[in-house]
Protein chains: 2
Amino acid sequence: MAITLKEVAERAGVSRSAVSRAFTDGASVSEKMRRKVEKAARELGYSPNALASSLTTGRTKLIGLVSNNFHNPIFLQVFDLFTRGLQDRGLRPLLVNLSDETDPEASVRMLRQYSVDGAVVASSTLPPGFARAFRDAGVPVVHSFGRSSSTPQVHVVGIDNVECGRMAARTLIARGYRRLAFLGGPQSATSTQDRYTGFFDVLNAHPEVETSHSFADAYSFDAGRREMLRLLETTPAEAYFCGDDVLSIGVLSAITESGLKVPDDIGIIGLNDMEMARWQNIDLTTIHQPIRQIVTSSIELMVAMLDEPDRYPEARIFPCSVIERGTLRPLP
Amino acid sequence: MAITLKEVAERAGVSRSAVSRAFTDGASVSEKMRRKVEKAARELGYSPNALASSLTTGRTKLIGLVSNNFHNPIFLQVFDLFTRGLQDRGLRPLLVNLSDETDPEASVRMLRQYSVDGAVVASSTLPPGFARAFRDAGVPVVHSFGRSSSTPQVHVVGIDNVECGRMAARTLIARGYRRLAFLGGPQSATSTQDRYTGFFDVLNAHPEVETSHSFADAYSFDAGRREMLRLLETTPAEAYFCGDDVLSIGVLSAITESGLKVPDDIGIIGLNDMEMARWQNIDLTTIHQPIRQIVTSSIELMVAMLDEPDRYPEARIFPCSVIERGTLRPLP
DNA sequence: CGTTTTTTTGCAACCGGTTGCAAAAATACT
DNA sequence: AGTATTTTTGCAACCGGTTGCAAAAAAACG
């Protein structure tokens, strides 16, 4: 079906190597030869088989894009940015959707069978050990949205969740709230743990502030709403730092359903600053996570690693910032 | 770096063919041989190179997943379902993100270079000709969320947008609205055109109903909000059929911002029934599009085509249904 | 112009597998 | 046991490219 190098060579009356070289830039070919080959190729509609060449060059330009966050709206943007960014550099994303508890080894094996040049693990909920499995298998890996660390074992690009927790606490205190609560996502996620740490890190220095905490069982609207409805059965806090924006919207929904007003009765601060947070009928005050920078930086790191696979692991941490909207009362 | 067939063969003291056969099911190998090979393979940590084998078998198990809808939240679910579904069948999605006006030929060429076994074009906004380019290049293709047709030129799986338009019109009329408007997405999208056709198809039979129409310039919150704010400057209609759910939410936002109430003052019906439509603080009445079925069916069709590439093109159209929530007044 | 140097080309081996075919081994049959 | 049959195995060629090396051609030099 498809035209091969050999056929082009025959048509152009040259050797197969000549054709190969005509399609490899930087190769030793005369202008004349290149034109002759290109003509034949064009007439035949030839385009080189990337996989066959990968066999000898050792490069497939395939990059595994591994994630388990196919329910969080911000990840649509993440995928958008990743696919575009990789494509722009001539790399091809091979998408891997981890079902809830996929064996890391299985993914690693699969991606090695396809000889990916590298893998990006894009997930805020996978344990650091997951990315490590790739590194151990000799696959260059970047863990995007992974846990920040001062002694990273693999390349990590993301935010400092502990600092986000602190930031949320400071923001709430500055606005005069005195009964604060942490309403986290799944307790098993490192992001939840870190935000918790940071949040109470600051609050512990404020004995006048009353605190409480609880966890929703997923980063989802329903989980947030359910948990908030439960909390509303007794006396709720004055303000909540929620696990993420989706959760926050569930929480908002629960609050308004029960007849209370935001921010008058209860304040909410989320995390992520997803597209919808900005929507006027949601108008969520939240902590902005610089997704674009994280993705861009991840890709740069990936590209760098393709040339230098044993690059010393680094953590690239990007600062977050509070985006003031309408779910927190203003500064006094 | 990676272990090859040859090394396993040497270690096991057998021929290379034997090793190859041990890893191909259905091949002629004795139980004894298989065990011997597997042992050696395990000790060496060998796993076969899928790309090398594709060279002779002609099958890569790679499927191009081509889309330009990286901003519509329902597509996150679409990608989730596609990647899972393909993975479950041992197929690997190679993701292609079409930047606004990518040349179909370029995508086709790229996917052919990677010898994909087939391609799924998942898009409600690409012209039918796009998918045809794949077919013409000999790549089995399914156009998911494509325009329904009684004489499809490529396999199409989706909904009947004309019928959706009719359904919206009937729904609004049944609820007693008498000044109706169509607030479509981009006029260039076939989905917009078809819904328009269906909508006015029904309304033309109702001379007592007053109608109007306009178009937002994207399927986005902002575009919907902007257009509705514009419409609110004069006398708005009693009810709007909006291009999709995201658009609808923008419209809702504009309406409440201007102090009117939904559904008391203005009724809204969307299309897609995305995750968020269900959220209690949005609670959008909308037309449900059976995404899961569309994806499942697309994958089945794709798998069928891998065995039978010249299968006669068919259109698989799934029925939609109105989901009653809170943005339309109830039936009288 | 002949000689040296540089560039271009083709040969042949290789990348990591698969597969048709014939020989070898195992099984079945008399 | 000897022969016919079936199963298993290895050889060698092939899939579609790349690349080191040496020969051929072109360019530079005296």
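Everything numeric here is computed off the predicted structure, so don't read it as measured data. So that the names make sense, note that chain A is the first sequence line, chain B the second, and so on, each numbered from 1.
The side-chain hydrogen bond (donor to acceptor under 3.5 Å, both in side chains) check on B/S99 picks up B/T102, with sequence neighbours excluded. For B/D194, the salt bridge (Lys or Arg N to Asp or Glu O under 4.0 Å) test picks out B/R147, with sequence neighbours left out. By the salt bridge (Lys or Arg N to Asp or Glu O under 4.0 Å) test, A/R21 is found to be paired with no residue, residues two or more places apart in sequence or in another chain being considered. Shown here are the salt bridge (Lys or Arg N to Asp or Glu O under 4.0 Å) partners of A/R11, two or more places apart in sequence or in another chain: A/E43. Residues satisfying the salt bridge (Lys or Arg N to Asp or Glu O under 4.0 Å) criterion with A/D117, sequence neighbours excluded, are absent altogether.
Evaluation of the ring pair (Phe, Tyr, Trp, His ring centres under 6.0 Å) test over residues 15-40 of chain A, restricted to residues two or more places apart or in two chains, returns A/F23-A/Y46.
Within 6.0 Å of atom CZ in A/R292, 12 or fewer heavy atoms from other residues, nucleotides or ligands are found, so the atom counts as exposed in its surroundings. Within a 6.0 Å sphere centred on CG of B/D103, heavy atoms belonging to other residues, nucleotides or ligands number more than 12.
Contacts of B/S30 with the nucleic acid, taken as non-hydrogen atoms under 4.0 Å apart, involve only primed sugar atoms and P, OP1 or OP2. As judged by a 4.0 angstrom heavy-atom cut-off over every strand, A/V29 is placed among residues touching the sugar-phosphate backbone only.
In summary, A/R109 and A/E105 do not engage in a salt bridge, as defined by a charged side-chain N under 4.0 Å from a carboxylate O. For the pair B/D88 and B/R84, the salt-bridge criterion is not met [side-chain N within less than 4.0 Å of a carboxylate O].
Where the helix from C/dC1-D/dG30 to C/dT30-D/dA1 starts and where it ends, the local axes point in directions that differ by 30°; five pairs per end, rounded to 10°.
Heavy-atom distances under 4.0 Å link DNA chain C to B/T4, B/L5 of residues 4-15 of chain B, given in residue order. Remark: A/L55, A/T56 in residues 39-58 of chain A come within less than 4.0 Å of DNA chain C through at least one heavy atom.
If you measure from atom CZ of A/R59 to atom C1' of D/dT19, you get 16 Å, rounded to the nearest angstrom. For B/E31 and D/dT9, the CD to P distance is 10 Å, given to the nearest whole Å. D/dT8 atom P lies 14 Å from atom NZ of B/K36, rounded to whole Å. Rounded to whole angstrom, the span from the CZ atom of A/R112 across to the P atom of C/dG16 amounts to 12 Å. Rounded to whole angstrom, the span from the CZ atom of B/F23 across to the C1' atom of C/dT19 amounts to 18 Å. D/dT18 atom P lies 13 Å from atom NZ of A/K61, rounded to whole Å. The distance from atom CE of B/M33 to atom P of C/dA25 is 12 Å, rounded to the nearest whole Å. Look at NZ on B/K32: it is 6 Å from P on C/dA26, rounded to the nearest Å.
Partner of A/F70 under the ring pair (Phe, Tyr, Trp, His ring centres under 6.0 Å) criterion, chosen from A/F75, A/Y219, A/F79: A/F79.
The base of C/dG17 sits with one of its N or O atoms less than 3.5 Å from a complementary donor or acceptor on the side chain of B/R16.
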Could you give the side-chain donor-acceptor pairs of residues 126-141 of chain B under 3.5 Å, partners two or more places apart or in another chain?
residue: B/R132; atom: NE; partner: B/Q153; partner atom: OE1; Å: 2.8
residue: B/R135; atom: NH1; partner: B/Q153; partner atom: O; Å: 2.9

Ignoring hydrogens and angles, write down the donor-acceptor pairs under 3.5 Å from the side chains of residues 305-315 of chain B, residues two or more places apart or on other chains.
residue: B/R311; atom: NH2; partner: B/E314; partner atom: OE2; Å: 3.0
residue: B/E314; atom: OE1; partner: B/R316; partner atom: NE; Å: 3.2

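Between B/S28 and A/T24, the residue anchored closer to the 5' end of DNA chain D is B/S28, taking for each the nucleotide with the nearest heavy atom.
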Notebook entry, point to check: With the sugar-phosphate defined as primed atoms, P, OP1 and OP2, and the base as all remaining atoms, what B/S/- string results for nucleotides 20-25 of chain D, 5' to 3', for protein heavy atoms under 4.0 Å?
Noted result: B-----
Note to self: Test side-chain hydrogen bond (donor to acceptor under 3.5 Å, both in side chains) on B/S54 and B/T60; report intermediate values, then the result.
What the structure shows: CA-CA 5 Å; B/S54 81; B/T60 54; over 6 Å; no
